[in-house]
Amino acid sequence: QVALLDIDICGPSIPKMMGLEGEQVHQSGSGWSPVYVEENLGVMSVGFLLSSPDDAVIWRGPKKNGLIKQFLRDVDWGEIDYLIVDTPPGTSDEHLSIVQYLSATHIDGAVIITTPQEVSLQDVRKEINFCHKVKLPIIGVVENMSGFICPKCKNESQIFPPTTGGAEKMCQNLNISLLGKVPLDPQIGKSCDKGQSFLSEAPESPATLSYRSIIQRIQEYCDQHHFQEEKII
């Protein structure tokens, strides 16, 4: 049972990517009901509260924080195994709020996404530093857009050259796990635009194999994390 919470308040893209555009949130006696993609996958996003996907959310920090708190407190998720929180890039209000509001729940950790070039890695090092400062464990780093494998000749090209060694070198330097590398695949973008599951649309793609490996490593980390917590208790 998985809950996906989109706290990218100013750029909520999850409804589009999950094929839920135009859906609305319903209020019940037990709170807001999430919108379901599958029986075991519920989603909540500010995108469901806007009258149009093109509406701009022009809010200062306190209003953003209030909505995040409401999503955590008033959404009737039911019994769930995983709560996945999608945050915007950066280390701003949304990140501080979610860490603060969930501080008593023993968050498993953060999965940090980067691309291979140094401009992206510079920002990601700040994210890692943020996690250390707020004592948020880091599950690991995923390198996205990591090379392009030609569907015809199967040769790999570096579209975004890792001039400083990419995520792999950064993870070695900072002693963090590299969960995997996801190669560029035009089908990923198409699937996101159409709100379809890329894993179902392209089950044999190298990117799908990479995603599955990353998911497995995250699950193993979470299982180990819970096992250690139970031992402490």
Side-chain angles (χ1 to χ4, degrees), residues 1-90 92-111 113 136 139 188-201 211-212 214-216 218-219 221-223 225-226 229:
Q1 296 294 325
V2 179
L4 175 57
L5 174 58
D6 179 11
I7 63 164
D8 191 344
I9 308 296
C10 296
S13 53
I14 290 292
K16 175 84 172 169
M17 290 164 64
M18 304 303 284
L20 300 174
E21 227 174 10
E23 294 283 347
Q24 291 184 322
V25 171
H26 300 288
Q27 190 101 27
S28 70
S30 53
W32 284 347
S33 298
V35 179
Y36 284 89
V37 185
E38 308 272 353
E39 276 183 28
N40 68 330
L41 176 56
V43 181
M44 182 54 72
S45 169
V46 71
F48 299 137
L49 308 177
L50 305 176
S51 55
S52 151
D54 297 332
D55 278 0
V57 180
I58 307 170
W59 288 356
R60 291 187 191 276
K63 200 165 180 187
K64 286 182 187 176
N65 298 346
L67 184 65
I68 292 168
K69 189 183 280 186
Q70 207 171 347
F71 278 162
L72 291 170
R73 189 186 58 204
D74 296 345
V75 176
D76 181 16
W77 295 109
E79 287 289 320
I80 55 173
D81 299 304
Y82 292 94
L83 170 65
I84 299 170
V85 183
D86 178 43
T87 67
S92 53
D93 294 311
E94 293 88 339
H95 307 81
L96 282 167
S97 298
I98 200 76
V99 171
Q100 182 188 341
Y101 298 150
L102 292 177
S103 60
T105 65
H106 305 292
I107 303 171
D108 288 309
V111 175
I113 317 296
L136 176 64
I139 297 173
I188 297 174
K190 284 181 190 172
S191 296
C192 289
D193 283 352
K194 290 180 179 176
Q196 296 169 334
S197 164
F198 170 75
L199 273 66
S200 304
E201 295 293 306
Y211 278 133
R212 292 199 183 282
I214 290 163
I215 292 163
Q216 188 179 348
I218 292 170
Q219 284 180 312
Y221 174 96
C222 292
D223 291 343
H225 192 230
H226 294 170
E229 273 188 357

Exercise. Tell me the ring pair (Phe, Tyr, Trp, His ring centres under 6.0 Å) pairs involving residues 22-53, sequence neighbours left out?
Worked result: W32-F71

Exercise. Side chains of S45 and V35: closer than 4.5 Å at any heavy-atom pair?
Worked result: no

Exercise. Once you round to the nearest 0.5 Å, how far does NE2 of H225 lie from CD1 of I107?
Worked result: 9.5 Å

For this session: State, yes or no, whether a side-chain contact exists between I98 and L72 at a heavy-atom distance under 4.5 Å.
Result: yes

Exercise. Which pairs pass salt bridge (Lys or Arg N to Asp or Glu O under 4.0 Å) with one or both residues in residues 47-65, sequence neighbours excluded?
Worked result: K64-E94

Exercise. Do H95 and L136 have side chains that get closer than 4.5 Å, going by heavy atoms?
Worked result: no

For this session: Give the minimum heavy-atom separation between D76 and S30, together with the two atoms involved.
Result: OD2-OG, 2.8 Å

Exercise. Sequence neighbours excluded, which residues qualify as side chain to side chain donor-acceptor pair (under 3.5 Å) partners of S13?
Worked result: none

Exercise. Is the side chain of Y101 donor-acceptor paired with the backbone N or O of R73 at a distance under 3.5 Å, no angle test?
Worked result: no

For this session: Would you indicate whether E38, at its atom CD, is surrounded by more than 12 heavy atoms from other residues, nucleotides or ligands within a distance under 6.0 Å?
Result: no

Exercise. Can you tell if the side chain of W77 reaches within under 4.5 Å of the side chain of Q1, non-hydrogen atoms only?
Worked result: no

Seminar exercise, completed: Test side-chain contact (heavy atoms from CB on, under 4.5 Å), reference P34, set V43, I80, V75, output is V75

Please set out all donor-acceptor pairs under 3.5 angstrom arising from side-chain atoms of residues 188-196, sequence neighbours excluded.
residue : atom : partner : partner atom : Å
S191    : OG   : Q187    : O            : 2.9
S191    : OG   : Q187    : NE2          : 3.2

Exercise. Between I139 and D108, which heavy-atom pair has the shortest distance, and what is it?
Worked result: CG1-O, 4.1 Å

Exercise. Looking at P15 and D6, what are the two nearest heavy atoms and their distance?
Worked result: CD-OD2, 4.0 Å

For this session: Please name all residues satisfying salt bridge (charged side-chain N to carboxylate O under 4.0 Å, His left out) with K16, sequence neighbours left out, ordered by chain then number.
Result: E21

Problem set entry | Contact summary for W59 and L67, nearest pair of heavy atoms | CZ3-CD2, 3.7 Å

Exercise. Which residues satisfy the side chain to side chain donor-acceptor pair (under 3.5 Å) test with D223, sequence neighbours excluded?
Worked result: none

Seminar exercise, completed: In terms of heavy-atom contacts, D8 and V46 come closest through O-CG1, 4.2 Å

